[in-house]
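To start, the structure itself, in structure tokens.
The figures here come from the full heavy-atom set of this structure, side chains too, leaving out hydrogens, waters and symmetry mates. For clarity, every value in this text was computed on a predicted model and none was experimentally measured.
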Amino acid sequence: MANKRAFEIAFVGLKPGVHEFNYELDDKFFIEKGAEDFANAKADVKLSLEKNTGFMLLKFEVGGKADVSCDRCGNSLTMDLWDEFKLVVKLVDNPDEMNLNEEDPDVFYISRTESHLEVSDWLYEFVLLSVPTQKMCGEDERGGSKCNKEVLEKLRQMEVKEEHNANTLWKGLDKFKEN
Ligand SMILES: [Zn+2]
């Protein structure tokens with residue numbers, strides 16, 4: 001992020017109508033913003049901004065790829081990023097108060113005196129939301145799980161042990177009741 005202003009849109013100077021902005025975001029951008037479990041990211045976001053009197057409609061179209069960890073075994077997985085988000089930005093006199101009371105997450109208020117729109121936080125948030133919620137290694141040609149078998153075996157052993165401990169605890173309690 002050499003140029004911080006790269007994420008500021010000077011909307012005051014824009015004519016009414018739709019304007020398009022393209023952002024290419026790499027690892028550096030996400031690391032600076034504190035992303036975890038999100039490596040080798042290469043995200044493209046197309047932002048369409050429709051300028052109207054008193055409000056703007058923003059549409060973020062996310063594409064690209066990033067590496068995340070499998071939910072089951074922790075293996076690194078490359079995931080396609082693909083999603084779309086819409087936002088309404090309204091120009092008002094009291095944006096802080098309005099933002100506090102607004103329950104719709106897709107509506108955001110800025111001051112009427114504002115001239116720039118800072119979009120980096122939205123870019124960050126929407127790209128992270130574009131990661132599929134199910135992060136799994138998937139299956140090989142024969143329908144077997146491609147998860148790391150060693151890790152799964154370790155997890156299984158830990159579960160068996162926990163179950164065993166829980167059983168012993170219950171037995172102990174039963175004894176206690178009988179007495
Ligand atoms: Zn896995």
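Note on I31 and L81: separate hydrophobic clusters, where clusters join Ile, Leu, Val, Met, Phe, Trp and Tyr whose side-chain heavy atoms are under 4.5 Å apart, directly or indirectly. Residues V131 and W82 do not share a hydrophobic cluster, defined by chaining ILVMFWY side chains whose heavy atoms lie under 4.5 Å apart. Linking ILVMFWY side-chain heavy atoms closer than 4.5 Å, directly or via other members, places I110 and F55 in two distinct hydrophobic clusters. A continuous path of hydrophobic side-chain contacts links L77 to L129 [ILVMFWY only; heavy atoms under 4.5 Å].
Of the charged side-chain nitrogens involved, none lies within less than 4.0 Å of a carboxylate oxygen, so that E159 and R156 do not count as a salt-bridged pair. In summary, E153 and K149 do not engage in a salt bridge, as defined by a charged side-chain N under 4.0 Å from a carboxylate O. Between D26 and K42 there is no salt bridge, since none of the side-chain N atoms of the basic residue sits less than 4.0 Å from a carboxylate O of the acidic one.
For the residue pair L152 and C147, the shortest heavy atom distance occurs at CD1-CB, 3.6 Å. Across all their heavy atoms, S69 and D37 have their closest contact at OG-OD1, 2.7 Å. Looking at every heavy atom in both residues, Y124 comes nearest to G34 through OH-C, 3.4 Å. In plain terms, the two heavy atoms of G64 and D44 that are nearest each other are N-OD2, 3.9 Å. The shortest non-hydrogen separation linking D71 to T133 is OD2-O, 3.8 Å. Taking all atoms of both residues into account, the shortest heavy-atom contact from K146 to C137 is C-CB, 3.7 Å.
When atom types are taken as modelled, the side chain of D140 and the backbone of G144 share a donor-acceptor pair closer than 3.5 angstrom. A donor-acceptor pair under 3.5 Å is absent between the side-chain atoms of N94 and the main chain of E97, judged by distance alone. Checked by atom type and distance alone, the side chain of N75 never pairs as donor or acceptor with a backbone atom of C70 at under 3.5 Å. At least one donor-acceptor pair under 3.5 Å links the side chain of K51 to the backbone N or O of V12. Within the 3.5 Å criterion, the main-chain N or O of S120 finds a donor-acceptor partner in the side chain of E118.
Using cut-offs of 30° and 60° on the angle between ring planes, the pair F29 and F7 is tilted. By the 30° and 60° cut-offs, the orientation of the rings of H19 relative to F21 is tilted.
The aromatic ring centres of W122 and F108 sit less than 6.0 Å apart. The distance between the ring centers of F30 and F38 falls below 6.0 angstrom.
The CG atom of N101 lies 9.0 Å from the OH atom of Y109; values are rounded to the nearest 0.5 Å. Within the model, atoms CG of L57 and CG of D106 stand 11.5 Å from one another, a figure rounded to the nearest 0.5 Å. For the atom pair NZ (K90) and CE (M56), the distance works out to 12.5 Å, reported to the nearest 0.5 Å. In this structure, the separation between CG on L87 and CG on L49 is 10.0 Å, given to the nearest 0.5 Å. To the nearest 0.5 angstrom, L100 atom CG is 11.0 Å from E102 atom CD. The distance from the OG atom of S111 to the CE atom of M98 is 12.5 Å, given to the nearest 0.5 Å.
When the options L123, N22, V119 are evaluated for a side-chain contact (heavy atoms from CB on, under 4.5 Å) with V45, the one that passes is L123.
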Please determine whether side-chain contact (heavy atoms from CB on, under 4.5 Å) holds for the pair L91 and F11, giving the CA-CA distance in whole Å, both sets of side-chain angles, and the decisive distance to 0.1 Å.
CA-CA 12 Å; L91 287 96; F11 65 85; 3.9 Å; yes

When you look at D93 and R112, which way does the side-chain contact (heavy atoms from CB on, under 4.5 Å) test go after all the steps?
CA-CA 6 Å; D93 294 320; R112 278 187 207 284; 3.1 Å; yes

Under the side-chain contact (heavy atoms from CB on, under 4.5 Å) criterion, do M79 and K65 qualify, and how do the steps go?
CA-CA 6 Å; M79 285 285 188; K65 279 185 192 316; over 6 Å; no

In sequence, state the C-alpha distance, the side-chain angles, and the governing distance for L58 and L47, and then conclude on side-chain contact (heavy atoms from CB on, under 4.5 Å).
CA-CA 7 Å; L58 273 61; L47 165 58; 3.9 Å; yes

Carefully, step by step, assess F85 and F126 under the rule ring pair (Phe, Tyr, Trp, His ring centres under 6.0 Å).
CA-CA 7 Å; F85 301 88; F126 292 150; 4.5 Å; yes

How far apart are the C-alpha atoms of K28 and E32, what are their side-chain angles, what is the distance that settles it, and do they pass the salt bridge (Lys or Arg N to Asp or Glu O under 4.0 Å) test?
CA-CA 6 Å; K28 207 171 157 251; E32 275 178 23; 3.7 Å; yes

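Counting heavy atoms of neighbouring residues, nucleotides and ligands inside a 6.0 Å radius, atom CD of E20 exceeds 12 of them. Within 6.0 Å of CD on Q157 lie more than 12 heavy atoms contributed by other residues, nucleotides or ligands.
In this structure, R72 has no salt bridge (charged side-chain N to carboxylate O under 4.0 Å, His left out) partners at least two apart in sequence or on a different chain. For T78, the side chain to side chain donor-acceptor pair (under 3.5 Å) partners two or more places apart in sequence, or in a different chain, are D67.
If you check the side chains of E50 and S48, you find no donor sitting under 3.5 Å from an acceptor.
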